[in-house]
Amino acid sequence: MFEKVIEFSTHEDYFALKEDYPTPIKLNIPEWYKKLDHNILNKTIKGCMPFLDSLTAGYLLKTPQDFHIRHNLESINEKGEEFKDSFQTFGLHDSSQLIHSKCINLNSGIDTHALKQVEGSPFIEKNKNLPFYKILNPWKIKTSKGYSCLFVPPLNNSDDRFSIIPGIVDTDNFPNEINFPIIINGDKYPTLETTIKKATPYVQIIPFKRDAWKMVVKPRIEKEVQNTRLFYTLKILNIYKEKYWSKKLWK
């Protein structure tokens, strides 16, 4: 049944730590969702299978170390110069120089993108006109031939302080680690000082097959519309789950 494989690999020293391995994202369902009740007298989003599918589709990456953020806050550096933000990392293992020196860029853990790379985008205002930081990911991701990966913030369960910029990578061909530019949620936090703790969920990975598609747009006859309306007036609990939904397997 499991003919398709997604492989996560990393430097042997980081792998040996046995910390923060990628996991199926279904292991990260939020507690508020688990506590919801769904029944014929109290219908909630827990009965919505499309919502559940969004929470459980694919795999999860967690931050490999602590990141301390001072965003849109005035600071002074060691030269006495003013600057507006900082993004500092805290090491994986304070006692292990081997980990710092050999793991993929984890001695720094971050990179930056200049504003001109996204000039004119809505990301700039949200990020308060400051450089975009990029979290360096220690895991190389490999999929079966013909399959790519969609990378998004955890769907319907993202951190309210920051999110990655979504993207698609042809992971059957790309030979390197994939790193993730992030946007600070300036709409909610005009200024922000916080620590993104190690093992914070931050990337949802959804593999998909690269098929060729052609769009067709057409009208529906009135009888089809009426039949649909009649069907959905029936008070049946879990009607989508029982008639249309297919269970997805992510291991």
Side-chain angles (χ1 to χ4, degrees), residues 6 8 18-72 87 90 122-123 125-128 132-133 135 137 139 141 149-168 178 180-208 232 234-251:
I6 182 168
F8 296 88
K18 297 182 179 180
E19 295 180 345
D20 309 324
Y21 285 0
T23 63
I25 201 167
K26 65 184 180 182
L27 302 179
N28 191 57
I29 293 177
E31 288 301 318
W32 67 263
Y33 179 86
K34 293 178 182 178
K35 293 176 181 177
L36 282 176
D37 186 27
H38 176 68
N39 57 62
I40 194 66
L41 298 177
N42 182 41
K43 293 183 179 181
T44 68
I45 203 170
K46 198 166 188 177
C48 177
M49 303 314 293
F51 189 88
L52 178 62
D53 280 343
S54 77
L55 294 178
T56 58
Y59 304 91
L60 177 68
L61 290 182
K62 303 173 186 177
T63 51
Q65 59 196 109
D66 289 356
F67 297 97
H68 187 71
I69 295 173
R70 282 178 52 84
H71 189 71
N72 205 28
F87 193 28
F90 295 85
F123 303 146
E125 182 178 354
K126 192 176 185 74
N127 210 58
K128 299 303 178 185
F132 291 86
Y133 290 104
I135 294 178
N137 162 43
W139 296 95
I141 301 163
C149 284
L150 169 66
F151 298 90
V152 293
L155 296 174
N156 292 313
N157 192 24
S158 58
D159 194 296
D160 75 342
R161 297 169 295 175
F162 77 105
S163 61
I164 68 163
I165 297 177
I168 291 174
I178 300 161
F180 300 101
I182 68 169
I183 304 168
I184 303 300
N185 187 0
D187 293 340
K188 182 172 182 178
Y189 300 103
T191 62
L192 178 65
E193 181 164 14
T194 188
T195 298
I196 301 171
K197 299 297 291 184
K198 182 177 178 294
T200 296
Y202 80 117
V203 180
Q204 183 168 354
I205 305 167
I206 304 175
F208 66 94
Y232 279 103
L234 299 176
K235 301 298 183 181
I236 302 175
L237 188 67
N238 300 326
I239 191 168
Y240 174 80
K241 180 180 180 181
E242 294 171 7
K243 291 189 65 70
Y244 305 112
W245 180 68
S246 297
K247 186 174 183 178
K248 289 81 174 173
L249 297 175
W250 306 95
K251 292 191 175 182

Discussion item. Looking at every heavy atom in both C149 and F208, which two are closest together, and how far apart are they?
Written reply: C-CE2, 3.9 Å
Worksheet item: Side chains of E193 and H68: does their closest heavy-atom pair fall under 4.5 Å?
Response: yes
Fill in: CD-NZ distance between Q65 and K197, expressed to the nearest 0.5 angstrom
12.0 Å
Worksheet entry | Side-chain (T194) to main-chain (I69) donor-acceptor, under 3.5 angstrom | no
Practice prompt. Kindly write out the residues that satisfy ring-ring contact (aromatic ring centres under 6.0 Å, His included) with Y21, not counting sequence neighbours, or none if the list is empty.
Written response: F15, W139
Worksheet item: Got a donor-acceptor contact below 3.5 angstrom from the H71 side chain to the N127 backbone?
Response: yes
Worksheet entry | NZ-CD1 distance between K248 and I206, expressed to the nearest 0.5 angstrom | 11.5 Å
Worksheet item: Side chains of W250 and I25: closer than 4.5 Å at any heavy-atom pair?
Response: no
Worksheet entry | L155 to S54 - nearest heavy-atom pair and separation | CB-O, 3.6 Å
Discussion item. I need the D20 CG to T63 OG1 distance, nearest 0.5 Å.
Written reply: 7.0 Å
Discussion item. Could you tell me if the side chain of K43 sits less than 4.5 Å from the side chain of H38, heavy atoms only?
Written reply: yes
Worksheet item: Got a sec, which residues hit ring-ring contact (aromatic ring centres under 6.0 Å, His included) with F151, two or more places apart in sequence or on another chain?
Response: F180
Item to complete: Measure across I205 and I141 and return the closest heavy-atom pair with its distance rounded to 0.1 Å.
Response: CD1-CD1, 3.8 Å
Fill in: Minimal non-hydrogen separation, D66 against K198, with atom names
OD1-N, 2.6 Å
Worksheet item: Donor-acceptor pair, N72 side chain versus P190 backbone, under 3.5 Å?
Response: yes
Discussion item. Can you tell me how far apart CG (N42) and CG (D37) are? Round to the nearest 0.5 Å.
Written reply: 6.0 Å
Worksheet entry | Distance-minimising heavy-atom pair for D160 and Y189 | OD2-OH, 2.9 Å
Worksheet item: Quick one: does D159's side chain have a donor or acceptor within less than 3.5 Å of a partner on T200's backbone?
Response: no
Discussion item. Which residue in the set I135, L60, I196 passes side chain to side chain contact (heavy atoms under 4.5 Å, CB included) when paired with Y202?
Written reply: I135
Fill in: Interatomic spacing from OG1 in T23 to NZ in K62 - rounded to 0.5 Å
5.0 Å
Worksheet item: Do side-chain atoms of Y59 reach the backbone of K251 as a donor and acceptor pair under 3.5 angstrom?
Response: yes
Discussion item. Just verifying a value: how many Å separate D53 CG and N156 CG, rounded to the nearest 0.5 Å?
Written reply: 11.5 Å
Worksheet item: Take atom NZ in K18; do more than 12 heavy atoms of anything else shown fall under 6.0 Å from it?
Response: no
Item to complete: List the atom of P207, the atom of G58, and the distance in Å for their closest heavy-atom pair.
Response: CD-CA, 4.4 Å
Practice prompt. Using a 4.5 Å cut-off on heavy atoms from C-beta on, say whether the side chain of I184 contacts that of R161.
Written response: no
Worksheet item: Going by heavy atoms in the side chains, are F67 and Y133 under 4.5 Å from each other?
Response: no
